[in-house]
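When a ligand or atom number is given, it counts from 1 through the structure's own listing order.
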Amino acid sequence: MSAQPSLAPAPPAPTRSPRSLRERAVGGVKQRVRWGLGHGLPSRLMHRAAKKGDLQGQLVVRSESSDSSGLWPVIEQVRASGPIHKSSFAYVTVSLPVVREVLTSNDFHAGVFLPGEGPLGKLALWAEEPERIGPLNPPSLLVVEPPEHTRYRKLVTRVFTVKAVEELRQRTQEIADRLLDDLEARAAAGEPVDIVPSYCAALPVTVIAEVLGVPEADRQRVLDFGTAAAPSLDLGLSFREMREVEAALDDFRTWLIAHLEHLRENRGDDLLSRLVAIQDEDGGLSQAELLATAGLVLAAGFETTVNLLSNGTALLHEHPEQRALLREDPSLWGNAVDEVLRYDPPVLLTGRTALRDTTVAGQQVTAGSVVTTLLAGANRDPEVFTDPHTFDVTRENARDHVAFSAGRHYCLGAALARMEGEVGLKALHDRFPDLAVVPGGTRRPTRILRGWETLPVRLS
Ligand code: HEM
């Protein structure tokens, strides 16, 4: 594995191919339909259901607020109603064993799907833009199942094994130290620093860019694509938000095509160069498979870890006694990262669709039903975690959380994220032991991805 930055020049800036007037008009109608079926209609139904007391509806409505505190009373109501709750639209579970049962079951397909039959399903199929890459668009790993899933996943797994990631630890430390040197200069001026762009985002994007061979000149652009596309996981976007997300995904695709083409001519020892080489072999990846796999690994590589670092920084500020424990015993940092992931997970929930009639926690679930697995709720299951609402870096079973999901789709980057969290948070607090969050921070507006958009801190 290469952890060296590629010195190759950046590919040209993205340009979109011209489309005829008619194509643009049809494209506009399809976009309206996608918004209506994917956001407008479900959002309206959820809001209506929430008003009538439906718990799934209330979860969706409360997740629209970037402040998670409103979610907890609803999550606890779901918990009180039993291991799996049937709402008007879907099942929802916050029980850790049941979340694991669903995520590891062969009776479920990853993702949430409208049935292809029926007028709405047909309309959805017509409005699809199959070329658009996105985390929830097939053939993204996140929404395909075996045998395709096994094939794609095998191609990228090797790079993210615990052993391979340990080899990256030293390089991650160097990157963190360099970023902290820059911060130190700014800290000397005594002004608060927004720790999100300057550290929490910069660290994981630099690491994943080096692993994947993205040239330094392109990193800010990739970061901007990722931030603009992050709401693509959310339900209930406004039409304008959805258009912005789609435009960002299209620009990302254009950049990725040019970048992969560039790597074809200038092979390095990075993961993307190897994926390109595999594509060129007989029976290798198709262009769509290559783009989806490369795009997901690149974006997932920093869009979540930025939240782990910002949530961890905020939590440690709120709990000075936990920080003191880490100062006394630095071997606790690894466990502290798992406790941050358990307590304030960067991914709120995921979903599965039943492929056939089945049972979950003894309850009948019919084919086509959706089960929402609320990872944040499962992480505070009192049957598994003592005093689940307490943030405790010494918690013995902190690692039993499902912040990285479970089963076939278990996060491919979990070892990398844990290592980056440990190195990143420890280096920050070692360098600035008096770090203090100052008022004015804002949470990200995204609903599934939870973290801080801005987090001003005084470093010393
Ligand atoms: C704290 C950081 C992270 C969190 C909380 C996180 C969380 C998750 C979750 C919950 C899933 C599964 C979703 C589902 O089951 O539907 C997932 C899948 C995935 N993650 Fe992560 N992730 C993190 C970091 C990373 C990193 C650094 C990478 C980079 C390699 C990465 C790459 C992926 C990929 C490629 C998948 C799809 C796996 C599959 O479907 O087989 N993630 N992640």
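Taking every non-hydrogen atom of R352 and a distance limit under 4.0 Å, the qualifying atoms of ligand 1 come out as 14 (C), 15 (O), 16 (O). Each of the atoms 1 (C), 2 (C), 24 (C) of ligand 1 lies under 4.0 Å from some heavy atom of A417. Atoms of ligand 1 lying under 4.0 Å from any heavy atom of V347, numbered from 1 in the order shown and given with element: 7 (C). Of all the atoms in ligand 1, the ones that sit under 4.0 Å from a non-hydrogen atom of L341 are 1 (C). With ligand atoms numbered from 1 in the order given, ligand 1 contributes 13 (C), 18 (C), 37 (C), 40 (O) to contacts under 4.0 Å with heavy atoms of L142.
When hydrogens are left out, the protein atom nearest atom 14 (C) of ligand 1 is T350 OG1, 3.4 Å; that is the closest non-hydrogen contact. Atom 8 (C) of ligand 1 has C411 CB, 3.7 Å as its closest protein atom, hydrogens excluded (heavy atom only). Residue, atom and distance of the protein heavy atom nearest to atom 34 (C) of ligand 1 are L412 CB, 3.8 Å.
For ligand 1, one of its N or O atoms has an N or O atom of L141 under 3.5 Å away. Annotation: S405 places an N or O atom under 3.5 Å from an N or O atom of ligand 1; distance criterion only. Note: no N/O pair closer than 3.5 Å links T305 and ligand 1 by distance alone.
Residue-ligand proximity: P345 is placed with every non-hydrogen atom at 4.0 Å or more from ligand 1. Every heavy atom of V402 sits 4.0 Å or more from the atoms of ligand 1. Not a single heavy atom of A110 sits under 4.0 Å from any atom of ligand 1. For the pair H149 and ligand 1, a heavy-atom separation below 4.0 Å is found.
One side chain, N106 or R408, offers a donor N or O that lies under 3.5 Å from an acceptor on the other. D54 and S88 are linked by a side-chain donor-acceptor pair at a separation below 3.5 angstrom, with hydrogens and angles left out of the test. Judged purely by distance below 3.5 Å, without hydrogens or angles, the side chains of H389 and R380 pair a donor atom with an acceptor atom. Looking at D392 and T390, their side chains never bring a donor and an acceptor atom within 3.5 Å of each other. The closest side-chain donor-acceptor pair between W255 and D218 falls under 3.5 angstrom. If you check the side chains of R450 and S68, you find a donor sitting under 3.5 Å from an acceptor.
L237 CG to M242 CE: the interatomic distance, rounded to the nearest 0.5 Å, is 8.5 Å. Taken from CD in E210 to CD in E216, the straight-line distance is 7.5 Å, to the nearest 0.5 Å.
Between H319 and Y343, the angle of the ring planes goes over 60°, which puts this pair in the perpendicular group of the 30/60° scheme. Relative ring orientation between W333 and H429 is described as tilted, the plane-to-plane angle lying within the 30° to 60° band.
Comparing heavy-atom distances from atom 32 (C) of ligand 1 across A300, G301, A406, A415 singles out A300 as nearest. With atom 40 (O) of ligand 1 as the reference point, the heavy atom nearest to it among E303, H409, M419 is part of H409. Heavy-atom proximity to atom 23 (C) of ligand 1, evaluated over L308, T304, L103, is greatest for T304.
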